[in-house]
Amino acid sequence: MSKQRRRDTTLTIRLTKAEKERIERNAKRAERSITDYLVLLSLETPIHVAEDVKPLLIELKRIGNNLNQITAKINAGAFRSYNFEDMIDGQKKIYEQLLDIARKG
């Protein structure tokens, strides 16, 4: 870190051996001490907390339910001439957009 400051407080964490080795490798690649690497990473990395995603999950469940009902009817032979690929592609796009919204918060 560029600023010199007195570090007089300790933080102890428990890691697996693999986690520790990965942090050490990453710190070395970043050309920083482990302390500087972890402080910079934890203080400078933005944290995104998702808003209430419960309504999105409810909607995803409804979409899944609709898709399952449509699939069951298709497999039962209720529909014969409609192109369902477009509908399924549309459902997938909606699902991906909802997941993206949930991830971004």
Side-chain angles (χ1 to χ4, degrees):
M1 311 255 337
S2 60
K3 286 194 236 177
Q4 290 295 327
R5 63 193 177 281
R6 183 169 177 225
R7 291 182 169 147
D8 58 357
T9 303
T10 301
L11 173 67
T12 304
I13 61 172
R14 294 194 172 273
L15 306 167
T16 65
K17 185 176 179 181
E19 290 168 337
K20 182 181 177 191
E21 290 170 355
R22 184 173 173 192
I23 290 170
E24 289 171 341
R25 277 194 315 272
N26 289 344
K28 188 174 182 178
R29 255 190 288 167
E31 298 179 355
R32 298 195 181 276
S33 69
I34 293 173
T35 299
D36 285 344
Y37 173 75
L38 291 175
V39 168
L40 183 66
L41 189 65
S42 65
L43 296 179
E44 299 298 324
T45 303
I47 297 173
H48 301 283
V49 178
E51 299 287 327
D52 184 19
V53 295
K54 190 172 182 177
L56 289 175
L57 294 176
I58 291 169
E59 191 60 31
L60 282 175
K61 287 179 183 178
R62 288 178 181 157
I63 290 170
N65 188 33
N66 290 342
L67 193 56
N68 287 338
Q69 290 174 359
I70 292 167
T71 303
K73 289 194 182 272
I74 291 170
N75 289 335
F79 302 102
R80 299 197 188 279
S81 63
Y82 187 80
N83 183 358
F84 288 100
E85 289 180 20
D86 293 338
M87 185 171 45
I88 292 171
D89 288 342
Q91 290 281 349
K92 285 180 184 178
K93 287 178 185 176
I94 292 170
Y95 177 77
E96 289 168 3
Q97 289 173 349
L98 288 170
L99 280 180
D100 191 43
I101 290 169
R103 285 186 191 123
K104 288 180 182 176

- Query: What is the minimum heavy-atom distance between R32 and L40, and which atoms define it?
  - Reply: NE-CD2, 3.4 Å

- Message: Let's go through Q69 and N66 carefully: what are the C-alpha distance in whole Å and the side-chain angles of both, what is the deciding distance for side chain to side chain contact (heavy atoms under 4.5 Å, CB included) to 0.1 Å, and is it a yes or a no?
- Response: CA-CA 5 Å; Q69 290 174 359; N66 290 342; 4.2 Å; yes

- Item | Short N-O contact, R62 and E59, less than 4.0 angstrom | yes

- Hey, could you give me the CG/CG distance between L38 and L43, rounded to the nearest 0.5 Å? 10.5 Å

- Note on the structure: Between the NZ atom in K17 and the CD atom in E19, the distance rounded to the nearest 0.5 Å is 13.5 Å

- Item | Minimum side-chain heavy-atom gap N26-Y37 below 4.5 Å | yes

- Message: Does E31, at its CD atom, have more than 12 non-hydrogen atoms belonging to other residues, nucleotides or ligands within less than 6.0 Å?
- Response: no

- Item | Single-linkage hydrophobic cluster, 4.5 Å side-chain cutoff, I58 and I63 together | no

- Item | Between CG on residue D36 and CZ on residue R7, distance to nearest 0.5 Å | 4.5 Å

- Item | Where L67 and Q91 come nearest, the two heavy atoms and their spacing | CD1-CG, 4.2 Å

- Message: Using 0.5 Å steps for rounding, measure from the CG atom of D100 to the CG atom of L56.
- Response: 11.0 Å

- Task: Please tell me if the side chains of L99 and E96 come closer than 4.5 Å, counting only heavy atoms from C-beta onward.
- Result: no

- Item | Check: S42 side chain, V39 main-chain N or O, donor-acceptor pair, under 3.5 Å | yes

- Query: Would you say L11 and L41 are hydrophobically clustered, going by side-chain heavy atoms of ILVMFWY under 4.5 Å?
  - Reply: yes

- Mind listing the closest non-hydrogen atom pair of A27 and S33 along with its distance? CB-O, 4.1 Å

